[in-house]
Student: 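The structure under discussion is supplied below as structure tokens; questions concerning it will follow.
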Amino acid sequence: MPPVPRITERHDFVSVNAVRTSRAAVALTFDDGPHPTHTPMLLDILARYNVKATFYVIGQSVRRYPEILHRIVAEGHEVGNHTWTHPTLSRLGNGSVLSEIDRTQEVVWRTVGALPVTMRPPYGAMSSQQSHMLNDQRNIPTIMWSVDPEDWRRPGSSVVADRMVRGAQPGSVILAHDIHGPTIRAIPQAIEGIAARGLGFMTMSELLGFRRWGPRGLRYVSAPSASYHQG
Ligand SMILES: [Zn+2]
């Protein structure tokens, strides 16, 4: 099997909450999938509105539902790295953190031939040292968020949508989870409300001004897979 490539792009930032941009756009981001029923429902909604989003996927779930990852990428969305087992990274040593990231890079690469170029820590729990370590050693910056509707508390779809709309500004990174039914049902209202405020939707890479993300969108160098695993 060919080795999993490494990202060679260097970034002058390590961690991002919102993007400073003149573009009137936000990034919709969905964590914790792919989910066998909620993610396809969300993809149907996004397609209806022609909105592209970013999915921070759990590596183990990608291994379980590869066909859903195929669909995410085929429909023009971006995939980010949300670790292999969804641990609290701040409690782990560097070797374990690298292993969580690398295994997920590998399964995404082997499934869709594209490599996540950003990561998001589960629970937002990661030390500054760990973010620097990942950026130095894997060229993968940490993406947090600037709008949190707290959808995981299940406050109801219209509350989730309203929080997303009210928080949205140019460069906002909006956090949601595609494993909750009420979140999925909030998305049409959220998209319409955000659009009504004059804001469009970009994937994380687009908002950051990276080169186009996708199966052939970035330059990589090959690394021997033996040295790629460090955990
Ligand atoms: Zn998560």
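FYI, side chains are in, hydrogens and waters are out, and symmetry mates aren't considered; it's all heavy atoms of this structure. Counting starts at 1 for both ligands and their atoms, following the listed order. Small disclaimer: the values here were computed from a predicted structure and weren't measured.
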Student: Between H77 and F30, is the ring centroid distance below 6.0 Å?
Tutor: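 Aromatic pair excluded; centres sit 6.0 Å or further apart.
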Student: Classify the side-chain pair H82/D32 by whether it contains a donor and acceptor separated by less than 3.5 Å.
Tutor: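 Per modelled atom types, H82 and D32 side chains form a pair under 3.5 Å.
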Student: Check for me: within less than 2.8 Å of the Zn ion (ligand 1), which protein N/O/S atoms show up?
Tutor: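 Near the Zn ion (ligand 1), the protein supplies D32 OD1, H82 NE2, H86 NE2.
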Student: With distance as the sole criterion, is a donor-acceptor pair present between the side chains of T142 and R120 under 3.5 Å?
Tutor: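 No, R120 and T142 have no side-chain donor paired with an acceptor closer than 3.5 Å.
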Student: Would you sort out whether Y123 and H86 count as a ring-ring contact (aromatic ring centres under 6.0 Å, His included), showing the intermediate values?
Tutor: CA-CA 9 Å; Y123 320 106; H86 206 267; 4.8 Å; yes
Student: Between H35 and Y65, is the ring-ring contact (aromatic ring centres under 6.0 Å, His included) condition met? List the steps.
Tutor: CA-CA 8 Å; H35 183 281; Y65 305 112; 7.4 Å; no
Student: Please check this pair: side chain of E100 against backbone of P87, looking for a donor-acceptor N/O pair closer than 3.5 Å.
Tutor: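 Not at all, since once roles are kept as given, no pair shorter than 3.5 Å links the two residues.
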